[in-house]
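Predicted model, so just to flag it, every value in this text is computed and none were measured.
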Amino acid sequence: MDALELLPIPLPLSANSAQLSDFGREVKNLDPGNLNAEQFAALENALYHYGILLFRNINLTPEQQYNLVKAFDPKTESYGHGNKRTVETDKKSPFYGMQTIPSVPQVQLIGHGIVRDHEGITEAKLQHPSHKSFHRFPLSDDEERAGFARFYHWHFDAAMYDLKPPKVTALYSVNVPQGPRQTVRYDDGTGDLLSVSLGATAFTWGKTMFDILPNELKSVAVRGRVRYPPHPFRWMNPAHAMSTGVMMETEGLEVPLNELPPWEEHKIQTLPMLWKNEVTGYLHLQINGTAASEVFVDPLPEDAERVGALYPEGAHLTDLKEVRDLLNTLLRPGIAPSLIYPHDWRDNDLVVFHNRGVFHSVVGAFAEDQVRVFHQSNLASLDLPLGPDDQDVKRWA
């Protein structure tokens, strides 16, 4: 057996290669669908150290993809949002245009266009997520025709109610349509732009997102927790996202809790802002800001420096605008163009990413006649993510 070979992923010219030098690796000399124990151990170690692993030009069945994801969390069984789902018809739902592969319900068929006779599915009408149904101020048709695009929704994969966040997500490209490059516009007053390939998936590393924060925000993050509402995607459904896709606008459009589907208090999740990498010990900023409803900040430790500190006595934020303003301040620096790896998809690419340490968003829009076919898999874990320990709080608070 050849030794596992890891090469740096191909960063774009826009990326800060120094800050992203340890983010992402392309894997050579390894078949991810047929791994022995030694090979998987090397792969698992690489994933937790580098966040993203890329395999080019491989053949992978849905069952092999599921088995690979399951190997990272062997006791898991359910897809990250549950195995039993009907076809979603709501265009603002994150599940719109997706279908479950019948033989392996932990793998989803996603993409764009009409797909026929695929993995037991007679016909699927897939829809690439469109920012036009989600952002408050979408691009015009003329702007899209001119080659401009948006990040759809920055997030990690998770239901954030009842089911616990998956450790790993695997995306496998079956068919990738080609087209001209697009320019992502942030449209938040910064003038930020990012050149991407058609239908790229943008990734940023939670470790770097935390590392670049100023000390006063690191202190908030290490002491902070985020509460997500019951059925968060239903709760946020009538609302609209900011133009960056990282946070929601505050318009008062969220569904009242008493109008949501039945829910139980003990299934609501309050998660730390920072998730501790279980292999490296690094802290990753992991907040699904669009779905956040409340923030808790613990008081500073007694011996901590208080000059310039935010929330030194702790806080419980319930006003949505205040919650979102704080979370946007924490998250927005980490999606700067220089910190993003926009993956340029080819047929038969496999990207495996550490879902508890990486943020991602789909990008752009396809024409009606373009067909894109992907398989996606992640599994709801049985354990919640680890937060900062006492030593982390002492160091960063």
Side-chain angles (χ1 to χ4, degrees), residues 80-82 84-99 108 110 112 125-141 143-144 149-163 165 185-188 226-265 267-271 287-295 316-332 335 359-365:
H81 291 270
K84 295 180 180 179
R85 288 195 296 102
T86 57
V87 176
E88 179 62 72
T89 58
D90 185 345
K91 291 185 178 182
K92 291 183 71 174
S93 168
F95 315 115
Y96 177 67
M98 297 171 57
Q99 286 201 29
Q108 306 299 312
I110 64 174
H112 188 82
K125 296 180 180 179
L126 306 178
Q127 179 64 52
H128 186 70
S130 171
H131 82 279
K132 288 193 171 186
S133 64
F134 188 46
H135 291 195
R136 185 179 182 185
F137 301 108
L139 298 171
S140 68
D141 290 344
E143 288 172 316
E144 284 197 324
R150 289 267 181 83
F151 301 120
Y152 173 66
H153 179 202
W154 284 101
H155 65 289
F156 54 83
D157 292 327
M160 294 172 297
Y161 172 75
D162 191 15
L163 298 171
R185 283 192 353 204
Y186 286 61
D187 287 335
D188 63 347
V226 176
R227 179 181 170 96
Y228 299 97
H231 306 295
F233 294 105
R234 296 294 181 188
W235 171 78
M236 63 189 271
N237 182 274
H240 302 97
M242 295 180 178
S243 298
T244 58
V246 80
M247 195 62 56
M248 304 299 285
E249 300 277 4
T250 303
E251 307 169 85
L253 298 178
E254 292 75 20
V255 176
L257 298 188
N258 62 0
E259 296 180 15
L260 290 170
W263 54 273
E264 300 173 68
E265 185 73 29
K267 294 181 179 180
I268 292 176
Q269 295 184 8
T270 300
L271 303 176
I287 302 169
N288 265 349
T290 54
S293 61
E294 300 177 37
V295 164
H316 177 198
L317 308 182
T318 58
D319 178 82
L320 270 180
K321 187 174 189 315
E322 191 175 2
V323 167
R324 288 166 174 166
D325 285 348
L326 173 62
L327 297 185
N328 192 57
T329 301
L330 290 166
L331 294 172
R332 174 58 179 85
I335 64 164
F359 237 39
H360 69 285
S361 174
V362 297
V363 180

For [X] and [Y], which heavy atoms make the closest approach, and how far apart are they?
X: Ala159; Y: Gly80; value: CB-O, 3.8 Å
X: Met247; Y: Leu331; value: CE-CD1, 3.8 Å
X: Pro230; Y: Leu260; value: O-CD1, 3.3 Å
X: Gly245; Y: Thr290; value: O-CG2, 4.2 Å
X: Ala292; Y: Leu327; value: CB-CD1, 3.4 Å
X: Arg324; Y: Glu249; value: NH1-O, 3.0 Å

If we ignore hydrogens and angles and just use 3.5 Å, is the side chain of [X] paired with the main-chain N or O of [Y] as donor and acceptor?
X: Gln269; Y: Leu163; answer: yes
X: Ser361; Y: Tyr152; answer: yes
X: Asn288; Y: Ala291; answer: no
X: His112; Y: Pro129; answer: no

Gap between atom [atom2] of [Y] and atom [atom1] of [X] - 0.5 Å precision:
X: Leu320; Y: Glu294; atom1: CG; atom2: CD; answer: 8.5 Å
X: His231; Y: Lys267; atom1: NE2; atom2: NZ; answer: 8.0 Å
X: Met242; Y: Phe137; atom1: CE; atom2: CZ; answer: 10.5 Å

In the structure I gave you, are the side-chain heavy atoms of [X] and [Y] within less than 4.5 Å of one another anywhere?
X: Asp187; Y: Leu139; result: yes
X: Arg332; Y: Asp188; result: yes
X: Ile335; Y: Trp154; result: yes
X: Met248; Y: Phe134; result: yes
X: Trp263; Y: Asn258; result: no
X: Val255; Y: Pro238; result: yes

Is there a side-chain hydrogen bond (donor to acceptor under 3.5 Å, both in side chains) between His360 and His155? Walk through the geometry before answering. CA-CA 6 Å; His360 69 285; His155 65 289; 3.2 Å; yes
Measure from the ring center of Phe233 to the ring center of Tyr161 and say whether it is less than 6.0 Å. no
Using a strict threshold of under 4.0 Å (side-chain N to carboxylate O), is an ion pair present between Arg227 and Glu265? yes
Identified side chain to side chain donor-acceptor pair (under 3.5 Å) counterpart of Arg150 within the set Glu143, His135, Glu144: His135
